[in-house]
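Keep in mind the model is a prediction, meaning the values are calculated, not measured. In what follows, residues are counted from 1 in the order of the sequence shown.
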Amino acid sequence: MSATEREQVMPPRPLMPWTMALCAGLCAGCGLVLNMAADLLLGEPAAPVTLLMVIPVAAAACIVLARSCMRLVRWRRWLYAAAFGLVAGAVVSAGWAIGALRASRALDNRAASSLEFVVHGDPSINDDAHSYICDAYEGENRLGQVRLSCDRELDAGSHVRAIGRISRFENDAYGRSRVLRGELRKVKVIRLVSVDEGSPRPLLRLRNGLLASIAPATDPARALIAGVVCGRSSELRSQPAGDWFSVTGTAHLIAVSGSHLAIVAFVIEGVLQKTRCSRGLQRAILAIALVGYAVFTGASPSAVRACCMVFATLVVNGTGRRRHGASALFVTMSIFVLLRPMVLFDMGFQLSCASVFAILCFCPYATYALGELGVPTGIAGMLSVTLCSQLATLPITIPAFGTFSLIAPLANAVIGPVVSLLLAVSIVLVPFSLVAPLQPWALVVPMIAARCALFFEQLFAAVPGASVSVPPNSVWIYLVPCLLAVLLVWWPRPRARPMAVGLACLVLLASIPYIYWDRFAPPSVTVLDVGQADAILIRQGGAVALVDCGLDERVVAALVRNNVHHIDAVFVTHWDEDHWGGLPAVLEQFPVGTIAVAADALEDAPGEVLNRPGVKYRQVRRGDTFDIGAFRTRVMWPFDTVDGEDNEDSLVLLLSYAQKGKSLRVLLTGDAELDQEREFVQEVGDIDVLKLGHHGSKASVDTDLLETLKPELSIASAGEGNRYGHPSDACIDAVRDVGGAFVCTIEQGDITVSPTITGFAMRCQRP
């Protein structure tokens with residue numbers, strides 16, 4: 001290709017509108033004021049009020065520069081817009097903050113039974129616990145927004161009266177995020193007094209009817225249909241299939257956003273073109289239909305943002321003006337922030353806006369660059385969309401999830417069209433499920449498409465290294481978007497050879513995390529968050545062992561997010577299902593070298609775990625030792641042969657690490673309780689970390705046992721809302737009475753301890 005031809009193909013630099021400065025000013029003003037208000041709402045000392053003077057000072061500086069500096073005359077409109085945005089953002093967010101503080105005082109010392117709660121939107125489901133965003137009312141007076149949690153499903157619009165506890169959010173990452181989104185208190189329901197579903201609006205009635213006919217809780221494919229058609233992804237995210245979308249970087253395919261509206265618009269336009277309506281009437285019908293669909297799916301910020309941008313495009317096209325995507329984006333964002341400043345902290349809104357901005361600005365460059373390497377145009381377009389949006393949203397996704405999907409570009413290229421087809425056929429066929437005679441047939445084609453999408457999701461999620469963990473405080477997650485902008489916008493003319501070298505370097509860099517975790521992992525013991533079950537990961541270098549496998553496929557998701565690619569040995573402490581139930585899934589997803597159980601317990605092993613090709617089976621006895629990297633592991637219990645059926649048959653393992661001045665001693669007790677632990681505790685002696693037996697039951701430890709072991713940290717693995725009440729108050733009190741620290745997977749998620757020269761370090765998935 002000649003230089004002249006290259007210049008014709010090379011996309012022009014994107015034109016940035018002055019509304020970008022307006023939007024930036026609004027976000028900065030709102031962010032500062034709302035964070036100060038959040039400190040007060042969380043009961044923490046607020047920053048000095050004088051800090052607010054930064055806003056008028058910065059606004060005045062922008063105006064002075066615009067009026068006095070001739071070198072900045074071309075940026076005058078930008079400076080004025082930034083100044084206005086700073087002041088406007090501070091004013092509207094201050095108004096919300098004052099109202100929130102008043103509502104907070106009104107909710108103080110209130111009994112939950114004296115209030116009525118009106119449910120908004122779909123629930124978040126975690127271990128059968130449902131949590132909802134609700135408006136709290138006292139009579140006709142709305143007090144504020146709260147997060148209500150209970151053990152049953154409630155329809156949107158329901159009026160609820162309950163007996164429960166109202167409390168503040170803790171000042172941690174989760175609590176702060178809820179407050180910044182406008183939720184002032186959390187309400188834990190002890191008993192529901194009454195639930196009045198009222199008279200829902202027509203669209204809500206239609207949505208509830210469709211969800212009832214789809215029945216998303218009964219099957220992952222049905223849950224996927226409910227997600228893409230009705231915008232309800234609660235059931236899918238609560239199932240193991242929901243983790244596949246996170247691992248493959250395709251979770252955005254479920255969330256209702258611009259791509260969904262584009263498909264819906266395509267279907268509606270296809271129908272309208274068969275009519276004799278004028279072009280203007282078709283646009284009006286299309287706009288109304290898209291607004292209705294956005295409301296129907298729950299009016300999430302990403303859906304409303306996309307709907308506003310589509311509406312703006314229709315208006316511009318109708319008036320004959322040239323459309324400009326970036327202008328529509330920043331105008332829409334500004335309106336959102338002015339009307340509801342808390343939307344600034346909604347992750348869906350952040351991801352939607354950041355990805356759209358990256359696609360508008362950088363996608364043409366990425367498509368051109370991939371074309372220079374010989375990638376076909378269609379494939380280059382799909383890959384560039386995924387790459388640009390994924391890299392631009394790193395500062396949002398990494399701190400929130402701590403993972404980065406390496407397989408996302410390929411997964412999106414394959415699964416994206418399947419989900420688009422699923423949506424297209426579903427919005428046509430699923431409504432027929434409301435007609436009784438057609439109900440058995442209406443979901444046949446959507447179910448086929450949904451199962452096809454889930455097949456590819458599971459296939460890509462099972463690829464070793466599909467997703468890697470990234471420290472949330474990594475500096476590079478903020479540098480990558482900046483380097484992307486510099487590379488794609490200011491690199492004058494990409495050439496094929498240097499781009500090939502750059503692509504090879506990118507592939508090499510992408511493989512470094514895989515190589516690191518597969519061969520050079522630091523020594524650590526991780527109690528995995530797998531619900532009301534046990535699974536403990538031990539690794540050092542290339543050696544990986546797993547003690548117990550949880551109850552179900554959640555253990556696979558936990559291993560994936562901890563960058564496990566193979567497992568040398570699996571120790572099953574005993575044959576309670578919450579200790580071995582996930583083993584078949586582990587054997588399907590990971591190469592496993594050895595399965596070890598207590599002496600004679602193999603005879604009673606479930607058939608699902610026996611006779612696996614390539615797997616060795618070993619029975620271990622008291623006193624046996626073996627190495628996991630630099631960890632020396634010793635069997636402390638049972639003393640005799642067992643059948644592995646009861647808690648007292650549990651394998652107890654003592655891990656000892658001593659290398660390069662670092663040391664760590666960890667006792668893993670399975671479901672063993674006091675009667676068994678007293679038999680070997682004197683031999684174990686002083687330890688650093690105790691994995692509490694039987695999920696922290698009241699019979700797992702007492703003060704005498706803890707005074708012998710002297711653990712600095714005791715860890716319980718339990719599921720939120722479990723019916724056993726684990727971990728028990730007696731266990732927690734005993735740990736704290738002897739001066740030890742207590743943590744649980746319910747609150748912290750995965751809990752990792754690593755040896756250090758001065759003792760050990762603890763890292764939690766949810767700090």
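- Between atom CG of residue Leu22 and atom CG of residue Leu26 there is a gap of 5.0 Å, rounded to the nearest 0.5 Å.
- Nearest approach of Ala558 to Val530, heavy atoms of both residues: CB-CG1, 4.1 Å.
- When side chains are defined from C-beta on, Asp688 does not count as touching Leu713, because their heavy atoms never get closer than 4.5 Å.
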Worked check of side-chain contact (heavy atoms from CB on, under 4.5 Å) between Met342 and Leu180: CA-CA 6 Å; Met342 298 85 70; Leu180 286 171; over 6 Å; no
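- In terms of modelled atom types and a separation under 3.5 Å, the side chain of Thr332 and the main chain of Ala328 share a donor-acceptor contact.
- Between Arg554 and Asp529 there is no salt bridge, since no side-chain N of the basic residue sits under 4.0 Å from a carboxylate O of the acidic one.
- Using a 30° and 60° split on the angle between ring planes, Phe349 and Phe336 fall in the parallel class, below 30°.
- Checking Ser149 against Ser131 by side-chain atom types alone, no donor-acceptor pair falls below 3.5 Å.
- Counting heavy atoms from C-beta on, the side chains of Val525 and Thr752 never come closer than 4.5 Å.
- Here the straight-line distance linking atom OG of Ser389 with atom CG of Leu351 works out to 9.5 Å at 0.5 Å rounding.
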task: Let me see the working for Arg152 and Leu192 under side-chain contact (heavy atoms from CB on, under 4.5 Å), right down to the final yes or no.
output: CA-CA 9 Å; Arg152 60 164 285 188; Leu192 287 170; 3.0 Å; yes
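- Here the CE-SG distance, from Met16 to Cys361, works out to 3.5 Å after rounding to the nearest 0.5 Å.
- At a threshold of 4.0 Å, the pair Asp534-Lys691 counts as salt-bridged, since one of the basic side-chain nitrogens sits closer than that to a carboxylate oxygen.
- Nearest heavy atoms, Ser717 versus Gly531: OG-O, 4.3 Å.
- Minimum interatomic distance between Pro727 and Ile746 (heavy atoms only, all atoms of both residues): CD-CD1, 4.1 Å.
- A distance-only check finds a donor-acceptor pair linking the side chain of Gln765 to the backbone of Asp750 [under 3.5 Å].
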- request: Begin with the C-alpha distance, continue with both residues' side-chain angles, and end with the deciding distance and a verdict on salt bridge (Lys or Arg N to Asp or Glu O under 4.0 Å) for Lys186 and Glu170.
  value: CA-CA 10 Å; Lys186 57 181 179 180; Glu170 290 79 14; 2.9 Å; yes
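- Side chain of Ser714 to main chain of Val735: no donor-acceptor pair is present (N/O by atom type, distance under 3.5 Å, no hydrogens or angles).
- The main-chain N or O of Val119 is never found under 3.5 Å from a side-chain atom of Ser158 such that the two would form a donor-acceptor pair.
- If you check the side chains of Thr248 and Glu457, you find a donor sitting under 3.5 Å from an acceptor.
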Residue pair Arg185, Ser104: steps toward the side-chain hydrogen bond (donor to acceptor under 3.5 Å, both in side chains) verdict: CA-CA 8 Å; Arg185 292 288 188 276; Ser104 178; 2.9 Å; yes
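- At distances below 3.5 Å, not a single donor-acceptor pair connects side-chain atoms of Arg142 with backbone N or O atoms of Asp135.
- Within a 6.0 Å sphere centred on CG of Asp108, other residues, nucleotides and ligands contribute more than 12 heavy atoms.
- Closest heavy-atom contact between Ile55 and Leu86: CG2-O, 3.5 Å.
- Under the 6.0 Å cut-off for aromatic ring centres, Phe117 and Tyr132 do not qualify, their centroids lying 6.0 Å or more apart.
- Side-chain atoms of Thr393 do not come within 3.5 Å of backbone N or O of Ile396 as any donor-acceptor pair.
- Between the side chains of Asn722 and His695, not a single donor N or O lies within less than 3.5 Å of an accepting N or O.
- When atom types are taken as modelled, the side chain of Glu116 and the backbone of His159 share no donor-acceptor pair closer than 3.5 angstrom.
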task: Could you walk me through whether Ile163 and Val189 pass side-chain contact (heavy atoms from CB on, under 4.5 Å), step by step?
output: CA-CA 6 Å; Ile163 296 173; Val189 172; over 6 Å; no
- request: I would like to know whether Phe345 and Asn35 meet side-chain contact (heavy atoms from CB on, under 4.5 Å); could you show each step before the answer?
  value: CA-CA 10 Å; Phe345 297 96; Asn35 272 290; 3.8 Å; yes
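- Using a distance-only test at 3.5 Å, with no hydrogens or angles considered, no donor-acceptor pair links the side chain of Gln390 to the main chain of Ser355.
- Atom CE in Met333 sits 7.5 Å away from atom CG in Leu344 (nearest 0.5 Å).
- Put simply, the side chain of Thr250 never gets that close to the backbone of Leu253: no donor and acceptor are under 3.5 Å apart.
- Between Leu107 and Leu115 the shortest side-chain heavy-atom distance falls below 4.5 Å.
- Once rounded to the nearest 0.5 Å, the distance linking CD1 of Ile715 with CZ of Phe742 reads 9.5 Å.
- Taking SG of Cys150 as the reference point, atom CZ of Arg191 lies at 13.5 Å (rounded to 0.5 Å).
- Proximity of Cys27 to Cys30: side-chain heavy atoms (C-beta onward) are nowhere separated by under 4.5 Å.
- With no hydrogens or angles considered, no side-chain donor-acceptor pair links Asp151 and His130 at under 3.5 Å.
- A pairwise comparison of heavy atoms in Phe169 and Gly175 identifies CB-CA, 3.8 Å as the closest pair.
- Within the 4.5 Å cutoff, side-chain heavy atoms of Asn562 are placed close to those of Leu528.
- The shortest heavy-atom contact between Leu143 and Ala106 is CD2-CB, 4.0 Å.
- In summary, Arg176 and Glu183 do not engage in a salt bridge, as defined by a charged side-chain N under 4.0 Å from a carboxylate O.
- Between Leu236 and Phe245, the closest side-chain pair of non-hydrogen atoms falls below 4.5 Å.
- Side-chain N/O atoms of Ser114 and Glu138 include no donor and acceptor closer than 3.5 Å.
- Side-chain N or O atoms of Arg539 include one that pairs as donor or acceptor with a backbone N or O of Trp517 at under 3.5 Å.
- Leu42 places none of its side-chain heavy atoms less than 4.5 Å from the side chain of Arg168.
- Counting only heavy atoms from C-beta outward, the side chains of Ser124 and Arg147 approach each other to under 4.5 Å.
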